[in-house]
Amino acid sequence: MKGEKDYNLDVVINQREIEQRVIELGEIISQDYASSESPPVIVAVLRGSVYFVVDLTRQLSVPFHLDFMGISSYGGSSDPFGVVRITKDLEVNIYGRDVLLVENIVDTGLTLNYLLKNLYTRRPSSIRVCAFIDMKARRLIDVPIDYKGFELPDLFVVGYGLDYQECYRNLNEIASLKVKPKEKN
Ligand code: IMP
Ligand code: MG
């Protein structure tokens, strides 16, 4: 039928579950950084992590600096080398600082691996990773995740910052997106 959607959205993590988990992560992270000598630098990866980092940082009871790093994959998210281009660099100097890198999803791990390597060259005092979704089953390279929201199986998901061709970032839940097979006429 004309105008009918050729894909299905199924909620896999609902809004309440997201809110609850973000509160828990905020408490754990606040405890872990409570004894830091200087405020950690929270580095959120543009653009997908914006929704998560805004909610997460509102749950923190410790001081922090917030900065952003913009990246774009050369060959799209399927680039087998995980080569990413930095489209916006940090403004804060992270030399000697504790860094908390915030990502919305770790899938193959190639993007995170690249980002960690890049950030370590700047000689921070520490880097921890907080990822909202861990899709372990799809991992191609081992990457450390210190704080994770949820583990999901091999699905393509959208919402809460995650997009499909720039759509659905603003969904308040995480939904799996399945393309419907084309009907024969
Ligand atoms: P990587 O495979 O871990 O390097 O992830 C690369 C990037 O692809 C992520 O930062 C997301 O922007 C995007 N991505 C990976 N899996 C999904 C998904 O299920 N939905 C939406 N975007 C995804
Ligand atoms: Mg994307």
Side-chain angles (χ1 to χ4, degrees), residues 5-29 32 42-57 59 68-87 99-120 127-181:
K5 288 181 187 166
D6 54 1
Y7 46 80
N8 276 318
L9 284 176
D10 293 314
V11 174
V12 289
I13 308 171
N14 68 35
Q15 187 173 358
R16 233 195 82 74
E17 291 168 319
I18 293 176
E19 286 166 0
Q20 189 53 43
R21 188 63 188 136
V22 171
I23 291 171
E24 288 166 6
L25 286 172
E27 280 171 8
I28 297 167
I29 292 169
D32 287 359
I42 295 183
V43 174
V45 184
L46 295 172
R47 290 161 292 202
S49 308
V50 167
Y51 295 79
F52 176 41
V53 82
V54 167
D55 288 347
L56 180 68
T57 52
Q59 299 301 328
F68 295 92
M69 204 155 161
I71 56 161
S72 105
S73 308
Y74 271 114
S77 60
S78 58
D79 185 334
F81 301 106
V83 177
V84 303
R85 186 166 55 95
I86 294 177
T87 55
V99 171
L100 178 65
L101 183 59
V102 175
E103 254 291 27
N104 56 358
I105 190 164
V106 180
D107 191 40
T108 63
L110 293 168
T111 306
L112 177 58
N113 184 59
Y114 178 91
L115 281 170
L116 285 172
K117 275 197 199 152
N118 180 295
L119 293 176
Y120 272 119
I127 304 182
R128 287 183 192 162
V129 175
C130 177
F132 188 67
I133 291 171
D134 179 6
M135 248 178 213
K136 236 180 184 167
R138 288 181 44 85
R139 202 75 92 249
L140 293 178
I141 190 160
D142 198 26
V143 279
I145 301 179
D146 301 274
Y147 309 100
K148 71 174 81 168
F150 296 90
E151 268 185 34
L152 286 181
D154 184 1
L155 295 168
F156 188 84
V157 288
V158 293
Y160 203 50
L162 288 161
D163 73 301
Y164 170 62
Q165 297 182 348
E166 295 304 321
C167 295
Y168 307 114
R169 288 193 197 276
N170 58 337
L171 291 182
N172 288 322
E173 57 265 314
I174 299 279
S176 75
L177 186 143
K178 289 189 201 102
V179 177
K180 287 186 200 164

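Keep in mind that this is a model prediction, so the values were computed, not measured.
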Can you name the side-chain contact (heavy atoms from CB on, under 4.5 Å) partners of Arg169, sequence neighbours left out? Arg47, Tyr51, Asp163, Glu166

Which residues pass the side-chain contact (heavy atoms from CB on, under 4.5 Å) test with Arg21, not counting sequence neighbours? Glu24, Leu25, Phe150

Identify the heavy atoms of Asp32 and Arg128 that sit nearest to each other, and give their distance. CB-NH1, 3.4 Å

What's the separation between atom CD in Gln20 and atom CD1 in Ile13, rounded to the nearest 0.5 Å? 13.5 Å

Is the backbone N or O of Leu46 less than 3.5 Å from a side-chain atom of Ser49, with the two atoms forming a donor-acceptor pair by type? no

Decide side-chain contact (heavy atoms from CB on, under 4.5 Å) for Ile174 and Leu152; before the verdict, give the C-alpha distance in whole Å, the side-chain angles of both, and the deciding distance to 0.1 Å. CA-CA 10 Å; Ile174 299 279; Leu152 286 181; 4.3 Å; yes

Approximate separation, where rounding is to 0.5 Å, of Ile28 CD1 and Tyr147 OH: 8.0 Å

So how far is it from Leu116 CG to Ile141 CD1, rounded to the nearest 0.5 Å? 10.0 Å

Which residues pass the side-chain hydrogen bond (donor to acceptor under 3.5 Å, both in side chains) test with Asp146, sequence neighbours left out? none

What is the distance from atom OG1 of Thr57 to atom CD1 of Ile42, rounded to the nearest 0.5 Å? 6.0 Å

Can you tell me if Tyr168 uses its side chain to pair, donor with acceptor, with the backbone of Val158 under 3.5 Å? no

In this structure, CZ of Phe132 is separated from CG of Leu162 (nearest 0.5 Å) by 9.0 Å

Applying side-chain hydrogen bond (donor to acceptor under 3.5 Å, both in side chains), can you list everything that pairs with Lys178, at least two apart in sequence or on another chain? Asp10

Drop me the distance from Leu115's CG to Ile71's CD1, to the nearest 0.5 angstrom. 4.5 Å

Between Leu112 and the options Asp107, Leu101, Ile105, the side chain to side chain contact (heavy atoms under 4.5 Å, CB included) test singles out Leu101

Between Glu173 and Val11, what is the shortest heavy-atom contact and its length? CG-CG2, 3.7 Å

Side-chain (Thr87) to main-chain (Ser72) donor-acceptor, under 3.5 angstrom: no

How about Asn170: does its CG atom have over 12 heavy atoms from other parts shown lying under 6.0 Å from it? yes

Nearest heavy-atom neighbours spanning Phe52 and Cys130: CZ-SG, 3.7 Å

A side-chain contact here means heavy atoms from C-beta on lying under 4.5 Å apart; do Val129 and Val143 qualify? no

side-chain hydrogen bond (donor to acceptor under 3.5 Å, both in side chains) filter on Asp134, not counting sequence neighbours, yields Arg139, Lys148

Does the side chain of Ile127 reach to within under 4.5 Å of the side chain of Tyr120, using non-hydrogen atoms? yes

Does the Gln59 side chain pair with the main chain of Leu56, one donor and one acceptor, at a distance under 3.5 Å? no

Nearest heavy atoms of Leu171 and Ala175, plus distance in Å: CD1-CB, 4.4 Å

Residues Glu17 and Val12: closest non-hydrogen pair is OE1-O, 4.3 Å

Quick one: side-chain contact (heavy atoms from CB on, under 4.5 Å) partners of Gln15, sequence neighbours excluded? Glu19, Asn172

